[in-house]
Chemist: 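Structure below; questions to follow.
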2 protein chains.
Amino acid sequence: LNGDFRWKKQCLNKLDLSKKGSVDEDITHVVSLLNSCEEFFTTSSCSGRIILIDGVRDACEVQKQNCVWLFVSHQKCTSDESNGDAVFKFEPFVLHVQCRQLDDAQLVHSVAINSGFRNSGLTVSKTGKIMTAVRSTHGLEVPLSNEGKVLVEEEYIHFLTRIANQKIEENLRRIQRSVPICLLLKKGEETTEQEEKNKPSVYQRRRKREKPSVTDCCHGDGSSIVPELDDCLDLFT
Amino acid sequence: LNGDFRWKKQCLNKLDLSKKGSVDEDITHVVSLLNSCEEFFTTSSCSGRIILIDGVRDACEVQKQNCVWLFVSHQKCTSDESNGDAVFKFEPFVLHVQCRQLDDAQLVHSVAINSGFRNSGLTVSKTGKIMTAVRSTHGLEVPLSNEGKVLVEEEYIHFLTRIANQKIEENLRRIQRSVPICLLLKKGEETTEQEEKNKPSVYQRRRKREKPSVTDCCHGDGSSIVPELDDCLDLFT
């Protein structure tokens with residue numbers, strides 16, 4: 001093992017920290033792609049999910065659904081069995097990528113922004129650990145019951161399910177959008193491996209790369225909460 | 001003006017980029033505190049709000065309410081006048097702070113995490129502009145109508161309003177929680193001004209500071225999406 005891989009090897013046994021114990025099927029290709037680059041490895045992930053939680057019972061998870069179509073047959077949370085405050089949620093794709101250097105993290109961040117994950121951001125820890133969190137603005141959080149009393153009609157639940165499924169589909173489109181850009185990361189890594197030692201700034205290095213296809217980055221919540229968006233997009237030009 | 005202030009002066013006319021054109025009342029003290037430190041200035045902010053949007057009409061904003069108690073008398077979005085897909089939303093506090101150096105941004109990030117804003121993160125732009133985005137996990141997004149047809153009862157709207165008001169109150173508590181920690185930033189700045197030139201790492205410098213009161217950082221969505229939390233908390237110890 002050379003030095004390039006040493007930092008990664010140290011953490012390989014931490015690769016999957018999610019409760020579920022494995023990477024969700026819809027994102028295994030993205031996670032594998034990132035983990036095949038020596039600059040990155042993922043530490044936790046969720047492909048996106050529809051969940052029913054019961055507010056009173058310590059917000060514990062009653063249902064976890066990565067599947068688009070199964071929800072209707074599992075709506076136990078709205079039945080009389082619930083004594084608490086049931087909440088229907090859609091939570092989009094989330095991914096944490098540990099990065100070797102700050103410019104690597106910036107690159108993952110720009111991939112995320114380009115793919116439509118506008119709430120993404122970096123974390124630099126006390127020990128110098130650099131992490132990019134990929135997050136979306138795309139959510140849904142709907143209270144369904146209050147102290148066991150269901151406050152909505154069955155028709156509304158069906159409507160919600162349809163909305164949540166649409167959001168899951170959009171979520172998957174964004175994940176797919178990130179794949180070709182991740183491939184550019186991988187490609188860039190291969191072509192620049194020789195010049196790694198005395199590399200110029202990340203921006204000069206990235207300029208050599210192919211420009212990705214233009215993506216719809218503004219399909220978020222419409223607010224201007226990412227003032228750095230243009231700068232991030234420029235990373236690849 | 002010395003060099004320390006030059007970078008800040010260049011951007012002072014950009015201080016308030018929000019559509020509204022002014023800083024929301026509930027956060028003027030936090031915004032002022034940050035802007036009184038030479039390392040930081042805020043570029044956009046929202047104290048948190050309850051809004052009704054109409055999905056079909058380009059997701060434009062129909063109502064903006066920073067006030068906790070006025071919502072019920074403004075629920076126009078659920079009337080027959082809406083032809084679209086009305087959505088009731090609570091959006092928590094969001095703040096963008098431009099920072100002079102990376103360790104300044106880390107510090108703002110740790111203040112945010114300590115105050116309960118767990119989806120906060122850094123952005124480093126192509127031009128080297130460093131920004132901390134303060135974001136919460138605390139939201140609410142409830143579809144109310146479909147193609148003009150209202151799908152929920154009036155009782156449910158009242159329930160939603162109550163939930164949204166509770167979330168606004170929790171949101172304000174988190175904002176208040178950040179004030180004493182921001183004061184430590186300010187205090188730290190004054191005491192370390194002399195040693196600024198050849199300062200040690202941010203962590204050594206911060207260790208000299210007072211430890212803030214322990215805060216409930218896990219009062220979020222309960223998921224483990226911030227693996228760096230412990231590291232961030234340690235920044236102040």
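These numbers come from the heavy atoms of this one structure, side chains and all, not from hydrogens, waters or symmetry mates. Numbers restart at 1 for each chain; the letters A, B, ... are given by sequence-line order, proteins then strands.
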Chemist: If every non-hydrogen atom of A:Lys167 is compared with every non-hydrogen atom of B:Glu141, which pair is closest and at what distance?
Modeler: NZ-OE2, 3.3 Å
Chemist: Any idea which heavy atoms bring B:Arg135 and A:Arg118 closest together, and the distance?
Modeler: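 Scanning both residues completely, I find the closest heavy atoms to be NH2-O, 4.2 Å.
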Chemist: Does the B:Tyr156 side chain pair with the main chain of A:Pro143, one donor and one acceptor, at a distance under 3.5 Å?
Modeler: yes
Chemist: Donor-acceptor pair, B:Gln106 side chain versus A:Val124 backbone, under 3.5 Å?
Modeler: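 Checked: pair present.
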Chemist: Looking at chain A, which one of B:Leu151, B:Leu140, B:Leu122 has the largest number of heavy-atom pairs inside 4.5 Å, strictly under?
Modeler: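 Max contact count across the listed options: B:Leu122.
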Chemist: Using non-hydrogen atoms and a 4.5 Å limit, figure out which bit of A:Ser120 sits close to chain B: side chain, backbone, both or neither.
Modeler: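 Backbone of A:Ser120 only, per the 4.5 Å heavy-atom cut-off to chain B.
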Chemist: Under a 4.0 Å threshold between the charged nitrogen and the carboxylate oxygen, would B:Glu155 count as salt-bridged to A:Lys149?
Modeler: yes
Chemist: Under the ring pair (Phe, Tyr, Trp, His ring centres under 6.0 Å) test, which residues partner A:Phe117, sequence neighbours left out?
Modeler: A:Phe93
Chemist: Could you measure the distance from the CZ atom of B:Phe159 to the CG atom of A:Asn146? Nearest 0.5 Å is fine.
Modeler: 4.0 Å
Chemist: Is chain B contacted by the side chain of A:Leu95, its backbone, both, or neither, given a heavy-atom distance below 4.5 Å?
Modeler: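 Neither part.
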